[in-house]
Trainee: 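The structure under discussion is supplied below as structure tokens; questions concerning it will follow.
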Number of protein chains: 2
Amino acid sequence: MLTGESKEHLLQHYPMLRELPAAERDALLSAANVMDIPAGTVIFDENQPCQGFPLLLSGSVRVSKSSPNGRELQLYRVGPGESCILTSSCLLGHSPYHARGIAERDTRMAVLAPTAFKTLIATCEPFRDYIFALFSERLTDLMQLVSAVAFQKLDQRLAALLVAKANPINTTHQALADELGSVREIVSRLLKNFAEQGWIRLGREQIEVIDVPALQRYAAL
Amino acid sequence: MLTGESKEHLLQHYPMLRELPAAERDALLSAANVMDIPAGTVIFDENQPCQGFPLLLSGSVRVSKSSPNGRELQLYRVGPGESCILTSSCLLGHSPYHARGIAERDTRMAVLAPTAFKTLIATCEPFRDYIFALFSERLTDLMQLVSAVAFQKLDQRLAALLVAKANPINTTHQALADELGSVREIVSRLLKNFAEQGWIRLGREQIEVIDVPALQRYAAL
DNA sequence: CCCGTTCTGTGACTTTCCTCACAGACAGCA
DNA sequence: TGCTGTCTGTGAGGAAAGTCACAGAACGGG
């Protein structure tokens, strides 16, 4: 059930819902329930059916694939106001999940029942547009990812990843490897190269990016 | 403009449009125009804006990414009744294409104006469901593809590709390589291995799959 | 039937990435 | 202060895949 505060919070992140007549909106949202999820929780996993349609209020979710031999590859990340399109996909395509979702930090989400979601899609054009735009974005992202994995060298992908993150980057080499679908040793070595070029400075659980343009140039080769 | 025959053709492939009141439907479809596209035509390419929403009537379209050094990787294929979701994505996400689409064979499609498409989505629930389901399917496919490219060996992917195709397979090694995102020499060598195992028989522009289970087993390792 | 084009086979070499193995560095805590 | 667990650095070795170079085979049109 959505309290007054959470509801305001939700409308803030999903402003397109304001377009809906208040009565109608309240009817739909009262059917939603708010979940608080501690960091590290596996929210969904491969081959599990989906129960509802989540709207993220705070925190973030890492969606990834993992290989039989323990490697991992991040597909994308979901932030507040973004909803988890993969779940929509499950609900709308009537298939189970094909990836794993883990809460990166403490996360709060409002989960809509499938019927409520369908009604929203049907009656609220801005919301529908929003969902389509999200789908579109994910599709584009994934196509980019496929082509990066297939055609780019790991060091270029790593360089791109480094410039994409907020500086300084507080993370382990292992986490970077998991994001790229590689292994720790390789990432360590490549980072060392970058450091020798003077592009970054390395510390424990910390990478300070010094020369953004150089990394960008290298990534774009 | 849609003639009576093409219209019937279209309704056959997109039955969900029958749900729409005939008058409304005709109004929308009269705004569509039918295009015949010879095999090999580049229908769209990276960084081009989109003009309309295509519904495939016959033929098929290969959607692929290509690398700077001439390699290519097939993202997916669009058949009749499938529409090209990538285009929807462009229209709905308001971004240009991020891949290339080539007609594999002679292809006929009805192109809807963006406004007509939007109206359809808004008013015809079965059509909307259908579009969502397509999105969902592509998303799933792409996630599978990413994980295959990242984690599987090329020979396994090749094996999977071989069993997925109709037997005998009439194609060149180069075409297979383009589908997998690799190069001709490697594919040739791997095929030779498979032939030596007695799993396939090789001919010019032809591959005869003999032992499907063996290939499947190998692909699933 | 000849000739050019396309397709295929193959060897030698290089690069990239992974695996294994282990050692040192650092942080936090008892 | 010492201990323990996590994080990082690094070398050796190997497998997978790409590159280059070229030769032979099959086909198809003139």
Side-chain angles (χ1 to χ4, degrees), chain A residues 39-40 66-73 146-162 168-197 199-208 218-219 221, chain B residues 39-40 65-73 146-162 168-197 200-208 218-219 221:
Chain A
S66 52
S67 86
N69 34 325
R71 269 158 66 198
E72 204 165 300
L73 169 58
V146 170
S147 111
V149 171
F151 299 133
Q152 279 198 290
K153 289 196 304 173
L154 198 61
D155 48 3
Q156 297 181 295
R157 295 211 291 132
L158 178 58
L161 183 59
L162 293 179
I169 307 167
N170 289 304
T171 185
T172 69
H173 298 181
Q174 181 62 56
L176 291 174
D178 284 347
E179 204 154 330
L180 293 169
S182 179
V183 294
R184 205 255 319 157
E185 294 92 316
I186 308 290
V187 170
S188 285
R189 278 197 249 274
L190 298 178
L191 285 174
K192 193 187 135 200
N193 289 347
F194 291 165
E196 279 166 0
Q197 302 285 326
W199 298 347
I200 60 174
R201 221 187 320 264
L202 293 174
R204 187 186 172 90
E205 297 210 23
Q206 167 154 147
I207 299 167
E208 194 183 341
Y218 190 80
L221 269 189
Chain B
K65 273 270 185 190
S66 51
S67 85
N69 35 324
R71 269 157 70 197
E72 206 164 298
L73 170 57
V146 170
S147 112
V149 171
F151 300 133
Q152 279 198 290
K153 288 196 306 172
L154 198 60
D155 49 3
Q156 296 180 296
R157 295 210 292 134
L158 177 58
L161 183 58
L162 292 178
I169 306 167
N170 290 304
T171 185
T172 68
H173 297 181
Q174 181 62 57
L176 290 175
D178 285 347
E179 203 154 337
L180 294 169
S182 179
V183 295
R184 205 254 318 156
E185 293 93 317
I186 307 289
V187 170
S188 285
R189 278 196 250 273
L190 297 177
L191 285 173
K192 193 187 135 202
N193 288 349
F194 290 164
E196 278 166 0
Q197 302 285 326
I200 60 174
R201 221 186 321 266
L202 293 174
R204 187 188 171 87
E205 298 210 23
Q206 168 155 144
I207 298 166
E208 195 182 341
Y218 190 79
L221 267 191

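Protein chains get the first letters and strands the later ones, always in sequence-line order, with residue 1 at the start of each. Only a predicted model underlies this, so the values are computations on that prediction, with no experimental measurement involved.
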Trainee: Would you indicate whether the side-chain heavy atoms of B:F194 and B:L202 approach each other to under 4.5 Å?
Mentor: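 Of all side-chain heavy-atom pairs linking B:F194 with B:L202, none is under 4.5 Å.
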Trainee: Would you indicate whether the side-chain heavy atoms of B:I200 and B:E208 approach each other to under 4.5 Å?
Mentor: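 They are not in side-chain contact.
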Trainee: Could you check whether any side-chain heavy atom of A:I207 comes within less than 4.5 Å of a side-chain heavy atom of A:R201, counting everything from C-beta outward?
Mentor: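 Heavy-atom side-chain distance check fails, nothing below 4.5 Å.
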Trainee: Rounded to whole Å, how long is the line connecting atom CD of B:Q206 with atom C1' of C:dT8?
Mentor: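 Taking atom C1' of C:dT8 as the reference, CD of B:Q206 is at 15 Å.
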Trainee: To the nearest 0.5 Å, tell me how far A:L190 CG sits from A:H173 NE2.
Mentor: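 A:L190 atom CG to A:H173 atom NE2 measures 10.5 Å (nearest 0.5 Å).
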Trainee: Ignoring hydrogens and angles, state whether a donor on the side chain of A:E205 or A:N170 is under 3.5 Å from an acceptor on the partner side chain.
Mentor: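 Judged by distance alone, the side chains do not pair up.
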Trainee: Tabulate protein N/O versus nucleotide N/O from nucleotides 26-28 of chain D, keeping only pairs under 3.5 Å, one per line.
Mentor:
none

Trainee: For nucleotides 2-4 of chain C, tabulate all protein N/O to nucleotide N/O atom pairs closer than 3.5 Å, reporting atom names and distance.
Mentor:
none

Trainee: Please give, in whole Å, the distance from C:dC26 P to A:L202 CG?
Mentor: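 So the CG-P distance, A:L202 to C:dC26, works out to 13 Å.
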Trainee: To the nearest 0.5 Å, what is the distance between CZ (B:R184) and CG (B:L191)?
Mentor: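 So the gap between those two atoms works out to 11.0 Å.
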Trainee: Could you state the atom-to-atom distance from CD of B:Q174 to P of D:dG18 in whole Å?
Mentor: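 Between P of D:dG18 and CD of B:Q174: 12 Å.
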Trainee: Whole-Å distance between C:dT16 P and A:L221 CG?
Mentor: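 Atom CG in A:L221 sits about 12 Å away from atom P in C:dT16.
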Trainee: Are side-chain heavy atoms of B:K153 and B:Y218 found at a separation under 4.5 Å?
Mentor: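 The answer is yes; the side chains approach within 4.5 Å.
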Trainee: For A:L176 and D:dC7, what is the distance between atoms CG and P respectively, to the nearest whole Å?
Mentor: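 Rounding to the nearest Å, CG of A:L176 and P of D:dC7 are 12 Å apart.
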Trainee: Take atom NZ of B:K153 and atom C1' of C:dT16, then tell me their distance rounded to the nearest Å.
Mentor: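 These atoms are roughly 16 Å apart.
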Trainee: Does B:L73 reach the side chain of B:L180, with side-chain heavy atoms less than 4.5 Å apart?
Mentor: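 Side-chain contact under 4.5 Å: no.
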Trainee: In whole Å, what is the span from the CZ atom of B:R71 to the C1' atom of C:dT15?
Mentor: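 The distance from CZ of B:R71 to C1' of C:dT15 comes to 12 Å, rounded to the nearest Å.
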Trainee: Under the criterion side chain to side chain contact (heavy atoms under 4.5 Å, CB included), which of B:L176, B:T172, B:T171 is the partner of B:Q174?
Mentor: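 By the side chain to side chain contact (heavy atoms under 4.5 Å, CB included) criterion, B:Q174 pairs with just one of B:L176, B:T172, B:T171: B:T172.
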Trainee: Could you check which residues of residues 179-194 of chain B get a heavy atom under 4.0 Å from DNA chain D? Sort them by number, please.
Mentor: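 Nucleic-acid contacts, sorted: B:S182, B:V183, B:E185, B:I186, B:R189.
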Trainee: Between A:N69 (CG) and C:dC18 (P), how many Å, whole number?
Mentor: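 Value for this atom pair: 10 Å.
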Trainee: Give a yes/no answer on whether the side chain of B:H173 brings an N or O atom under 4.0 Å of OP1 or OP2 in C:dT6.
Mentor: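 Negative; the distance criterion is not met.
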